[in-house]
Amino acid sequence: MLRRPEGTVPQCDTGRIWPPCQEGSLGSQPKATHFSSRGTPMRLSRYFMPVLRETPAEAQIVSHRYMLRAGMIKQAAAGIYSWLPLGYRVLRNIERIVHEEQQRAGHIPMLMPTLQSADLWKESGRYDAYGPEMLRIKDRQDRDMLYGPTNEEMITDIFRSHVGSYKDLPMTLYHIQWKFRDEMRPRFGVMRGREFLMKDGYNFDLTKEDALHAYNRHLVSYLRSYERMGLQAIPMRADSGPIGGDDTHEFLVLADTGESEVFYDSDITELKFGDRTIDYDSVEQCQAVLEEFTSRYARTDETHDAALFNEVPEARRRVARGIEVGQIFYFGTKYSAAMGATVVDETGAKVPVHMGSHGIGVSRLLGAIIEASHDDKGIIWPEGVTPFHCGIVNLRQGDTEADAACQSLYDALTALGLEPLYDDRDERAGAKFATMDLIGLPWRITVGPRGLKNGVVELTSRRTGDSEELPPAAAIAKIAAIYGAIAA
RNA sequence: CGGGGCGUAGCGCAGCCUGGUAGCGCGACGGUUUUGGGUACCGUAGGUCGUAGGUUCGAAUCCUAUCGCCCCGACCA
């Protein structure tokens with residue numbers, strides 16, 4: 001019903017790869033049906049969502065504050081966090097979108113380890129080049145190990161071990177895995193943690209042209225992914241940094257708390273990917289999207305060119321701040337040549353493959369989304385990533401009619417494959433509203449004796465604050481329609 | 001890694017200067033009262049004051065060391 005139509009996204013592996021166990025898989029929960037990859041509905045009285053009324057002192061920026069206050073994360077050490085149930089749900093939703101969009105683009109999911117042997121890094125030369133950001137560990141045999149900050153070496157090794165012919169190309173492999181970079185100064189909660197969840201993908205192609213198509217394909221899939229998360233992320237020409245490479249774009253979400261200064265032509269913020277369908281195999285179509293989204297001036301401070309920027313009409317010049325949520329690179333044969341990742345081409349010659357790597361900061365995206373979508377009461381989740389589809393607030397817990405009405409709403413929404421969060425605590429209305437506002441569910445159904453007397457409940461948009469009174473069945477239909485439209 | 005700051009109850013803080021054996025608000029728990037935007041009142045539980053040394057009759061308080069965390073900067077998905 002609300003499930004994506006069969007065939008739109010062929011056989012997504014989401015949720016089976018990471019994490020190994022699904023929420024509610026112990027059998028105590030009702031069997032999830034349509035949205036089994038998302039989670040389960042929940043009664044707040046049975047949930048674990050330790051909200052804080054006061055802001056912990058260590059949190060400086062709004063996303064960090066709200067994530068702590070909403071009971072989404074708990075710091076374990078500097079830049080390292082536990083994901084509490086509410087935060088975990090959002091994390092998995094973001095991850096799910098990334099999986100779906102990567103597989104839609106034809107990229108193949110897999111999983112590489114967090115801990116790596118240093119050998120491959122010595123071979124590529126990055127063991128020394130990477131510096132103290134890399135967490136180095138010795139095992140009991142005194143072997144050099146490291147907690148991977150990225151996986152170019154490992155994927156290249158896998159590729160060279162098993163692929164030898166141009167006939168096996170093109171190929172793009174990706175995984176979503178925890179990384180560790182020992183930042184000198186972690187801060188801003190999950191926006192700049194030391195441990196972070198990242199999708200990184202690697203394309204292998206016979207020619208530079210093919211590799212650039214892979215680059216474009218990633219750009220398209222990233223635009224789609226961010227839009228599904230309710231974000232506008234602008235591709236900006238960027239600096240290649242320690243990965244190295246020729247072509248690279250960063251995707252930035254505009255936000256005052258962003259770490260990078262960005263310069264752009266305001267026309268670019270008018271661009272929407274929308275629900276257009278793209279044939280990912282079409283070089284022309286992907287190229288057209290790239291040109292559409294990168295032809296206007298948009299650069300981070302690293303690559304900013306004041307002279308070029310001044311060619312933009314003054315009224316459209318913007319200087320702002322942005323949060324980097326992804327980056328795509330084409331780096332040619334840098335690793336393949338160094339590590340002997342070659343294939344035999346049509347003429348029988350051994351040639352190094354052309355590669356690129358492409359990352360999305362999955363855990364960081366939670367912070368970015370909150371930075372871009374909140375008010376003074378709390379978070380406002382976009383429908384695509386919200387931890388629960390809607391909240392049900394029972395204003396008079398213990399009142400027979402109100403309890404029954406809430407229960408039947410809960411059951412009906414659940415039967416449709418939606419996941420409501422039912423606040424069935426014995427709390428005052430104000431406390432329930434404040435909690436719902438804080439955790440940011442986009443829709444709230446408020447149920448009380450007063451309305452029930454007239455046969456209505458109240459449906460409220462978290463984003464606009466607009467409320468309407470309508471019969472319970474109509475409220476259900478409306479929510480189903482909203483989410484049905486997103487899933488379609 | 002340079003500069004600064006902070007570790008006292010689940011959270012936010014006071015007490016430290018001028019040593020005398022720990023306190024406030026919120027939260028939690030129990031009760032009464034309330035009930036359509038964090039209600040009010042009563043009661044209860046909870047802290048070897050980050051850790052280790054030292055000075056002292058006596059240390060949260062003074063001294064030393066150490067660990068952790070935060071902020072500014074340089075650096076980074």
Side-chain angles (χ1 to χ4, degrees), chain A residues 50-61 64-65 68-69 71 74-80 130-134 148-151 176-200 222 233 238-243 248-253 258-260 300-302 322-329 357-368 377-378 393-399 402 423 425-438 444 446-454 456-458 460 465 467 469:
Chain A
V51 301
L52 302 174
R53 205 160 167 174
E54 289 173 274
T55 301
E58 75 261 22
Q60 298 301 311
I61 63 170
H64 191 192
R65 286 197 208 118
L68 289 169
R69 283 198 53 207
K74 177 173 184 342
Q75 179 166 306
I80 302 176
Y130 220 96
E133 254 195 359
M134 180 189 285
T150 178
N151 289 70
I176 298 180
Q177 177 62 293
W178 293 93
K179 309 286 192 294
F180 194 92
R181 291 182 196 171
D182 199 358
E183 299 286 343
M184 287 181 231
R185 193 184 157 209
R187 64 187 120 170
F188 302 149
V190 301
M191 293 246 292
R192 177 135 178 230
R194 291 192 293 171
E195 187 184 51
F196 56 97
L197 186 63
M198 180 175 168
K199 170 262 163 180
D200 45 326
Y222 280 24
D239 202 39
S240 59
I243 310 271
T248 177
H249 282 88
E250 288 180 344
F251 289 77
L252 286 109
V253 173
E259 294 178 87
S260 330
T300 63
D301 48 5
E302 298 163 327
I323 301 165
E324 193 194 327
V325 293
Q327 188 160 9
I328 52 179
F329 297 95
S357 73
H358 317 278
I360 292 181
V362 173
S363 49
R364 158 179 282 205
L365 271 164
L366 273 91
K377 293 185 208 149
V393 169
N394 187 343
L395 293 175
R396 192 77 61 87
Q397 205 69 43
D399 176 272
D423 189 346
R425 296 172 304 163
D426 188 16
E427 287 283 349
R428 299 233 348 170
K432 293 190 178 187
F433 288 141
T435 298
M436 281 295 172
D437 288 344
L438 175 63
R444 186 186 79 211
T446 309
V447 180
R450 196 180 293 174
L452 289 176
K453 207 168 289 177
N454 300 317
V456 295
V457 296
E458 188 182 71
T460 307
S467 282
E469 296 202 326

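First the proteins, then the strands, lettered A, B, ... as listed; each starts at 1. Side-chain atoms are counted along with the backbone in the values below, which use heavy atoms only and exclude waters and symmetry mates.
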Report task. Specify the separation, in whole Å, of atom CZ of A/Arg185 and atom C1' of B/rC69. Result -> 12 Å

Query raised in the report: So do A/Arg364 and A/Glu324 actually touch side chain to side chain, heavy atoms under 4.5 Å?
Result: yes

Query raised in the report: What does B/rC41 pair with, Watson-Crick or G-U, if both distances are under 3.5 Å?
Result: B/rG31

Requested in this report: Pick the C1' atom in B/rG27 and in B/rU21, then give their distance to the nearest Å.
Outcome: 27 Å

Query raised in the report: So what does A/Ala434 touch, heavy atoms closer than 4.0 Å: a base, only the sugar-phosphate, or nothing?
Result: base

Query raised in the report: A/Asp301 CG to B/rC76 P: how many Å, rounded?
Result: 10 Å

Requested in this report: Check every atom of B/rC70, B/rG36, B/rA77 against the side chain of A/Ala78 and return the nucleotide holding the closest atom.
Outcome: B/rC70

Query raised in the report: Is there a donor-acceptor pair closer than 3.5 Å between any side-chain N or O of A/Lys432 and the backbone N or O of A/Asn394?
Result: yes

Query raised in the report: A/Glu427: what forms a side chain to side chain donor-acceptor pair (under 3.5 Å) with it, not counting sequence neighbours?
Result: none

Query raised in the report: When you check the phosphate oxygens OP1 and OP2 of B/rG68, does a side-chain N or O of A/Gln75 lie under 4.0 Å from one of them?
Result: no

Query - Gap in Å between the two P atoms, one belonging to B/rU44 and one to B/rC26, rounded - result: 16 Å

Query - Nearest-angstrom distance from the residue atom CD of A/Glu259 to C1' of B/rC72 - result: 14 Å

Query - Euclidean distance, atom CG of residue A/Leu366 to atom C1' of B/rA77 [Å, nearest integer] - result: 14 Å

Query raised in the report: At under 4.0 Å between heavy atoms, what does A/Gly79 touch on the DNA or RNA strands: base, sugar-phosphate, or nothing?
Result: nothing

Report task. Give A/Gly131 one of three labels, base, sugar-phosphate or nothing, depending on what nucleic acid heavy atoms sit under 4.0 Å from its own. Result -> nothing

Report summary line: pair_partner(B/rG53), Watson-Crick or wobble, both distances < 3.5 Å, evaluates to B/rC63

Query raised in the report: On a whole-Å scale, what distance lies between the C1' atoms belonging to B/rC63 and B/rG2?
Result: 26 Å

Query raised in the report: What is the base-pairing partner of B/rG73, counting Watson-Crick and G-U wobble geometry with both distances under 3.5 Å?
Result: B/rC1

Report task. Take atom CZ of A/Arg194 and atom C1' of B/rC69, then tell me their distance rounded to the nearest Å. Result -> 11 Å

Query raised in the report: Expressed in whole Å, how much space separates the C1' atoms belonging to B/rC16 and B/rA59?
Result: 10 Å

What nitrogen or oxygen pairs link the protein and nucleotides 27-29 of chain B at under 3.5 Å?
unit_1	atom_1	unit_2	atom_2	d
B/rG27	OP1	A/Arg53	NH1	2.7

**Report entry** Minimum side-chain heavy-atom gap A/Lys199-A/His358 below 4.5 Å
**Finding:** yes

Query raised in the report: Looking for any heavy atom pair under 4.0 Å, which part of the strands does A/Asp437 touch: base, sugar-phosphate only, or nothing?
Result: base

Report task. Would you mind reading off the distance between A/Arg187 atom CZ and B/rA77 atom P, rounded to a whole angstrom? Result -> 13 Å

Query raised in the report: Below 4.5 Å, heavy atoms only, C-beta onward: do A/Glu458 and A/Arg444 meet side chain to side chain?
Result: yes

Requested in this report: Mind checking A/Gly448 for me? I need base, sugar-phosphate or nothing, with any heavy atom below 4.0 Å counting as a touch.
Outcome: base

Query raised in the report: Using atom C1' of each nucleotide, how far apart are B/rG7 and B/rG12 to the nearest Å?
Result: 14 Å

Requested in this report: Please state the C1' separation for the pair B/rU61 and B/rC17 - nearest whole angstrom.
Outcome: 9 Å

Report task. For A/Leu395 and for A/Glu195, find the nucleotide of RNA chain B with the closest heavy atom, then tell me which residue's nucleotide is more 5'. Result -> A/Leu395

Query - Whole-Å distance separating the CZ atom of A/Arg428 from the C1' atom of B/rA40 - result: 10 Å

Query - Exam field: side chain A/Arg69 to backbone A/Leu52, donor-acceptor pair closer than 3.5 Å - result: yes

Report task. Could you measure between the two C1' atoms, the one in B/rG3 and the one in B/rA74, and give it in whole Å? Result -> 11 Å

Query raised in the report: Which part of the nucleic acid does A/Pro449 contact within heavy-atom distance under 4.0 Å: base, sugar-phosphate only, or nothing?
Result: base

Query - Heavy-atom donor-acceptor pair, A/Arg194 side chain to A/Ala78 backbone, under 3.5 Å - result: yes

Requested in this report: Taking A/Arg65 for its side chain and A/Gln60 for its backbone only, find out whether a donor-acceptor pair lies under 3.5 Å.
Outcome: yes

Requested in this report: Would you mind reporting whether A/Glu183 and A/Glu133 have side-chain heavy atoms less than 4.5 Å apart?
Outcome: yes

Query raised in the report: Heavy atoms, side chains only, cut-off 4.5 Å: are A/Thr460 and A/Met436 in contact?
Result: no

Query - First of A/Leu438 and A/Met198 reached from the 5' end of RNA chain B, by closest nucleotide - result: A/Leu438

Report task. Under 4.0 Å between any heavy atoms, over every strand shown, what does A/Gly430 touch: base, sugar-phosphate, or nothing? Just pick one. Result -> sugar-phosphate

Query raised in the report: Which nucleotides of nucleotides 10-16 of chain B have their base under 4.0 Å from a protein heavy atom (B), which only their sugar-phosphate (S), and which neither (-), written as one string 5' to 3'?
Result: -BSS---

Query raised in the report: Should B/rC24 form a Watson-Crick or G-U wobble pair with both distances under 3.5 Å, which nucleotide is its partner?
Result: B/rG12

Query - B/rG36 pairs with, by Watson-Crick or G-U criteria that keep both distances under 3.5 Å - result: none

Requested in this report: Look at all strands and tell whether A/Met184 reaches a base, only sugar-phosphate, or nothing, counting heavy atoms closer than 4.0 Å.
Outcome: base

Requested in this report: Determine yes or no for a side-chain-to-main-chain donor-acceptor pair under 3.5 angstrom, with A/Tyr222 supplying the side chain and A/Ile328 the backbone.
Outcome: no

Query - B/rA14 to B/rA22 separation - C1' atoms, rounded to the nearest Å - result: 11 Å

Query raised in the report: Looking only at N and O atoms, is any donor in the side chain of A/Arg444 or the base of B/rG37 less than 3.5 Å from an acceptor on the other one?
Result: yes

Requested in this report: Could you check whether A/Arg396 gets within reach of a base, just the sugar-phosphate, or nothing at all, counting any heavy atom under 4.0 Å?
Outcome: sugar-phosphate

Query raised in the report: If we only count heavy atoms from C-beta on, is the A/Leu395 to A/Arg450 side-chain gap below 4.5 Å?
Result: no

Query - Side-chain H-bond candidate by donor/acceptor type, A/Gln327 with A/Thr248, under 3.5 Å - result: yes

Query raised in the report: Rounded to whole angstroms, how far apart are CZ on A/Arg192 and P on B/rA74?
Result: 11 Å

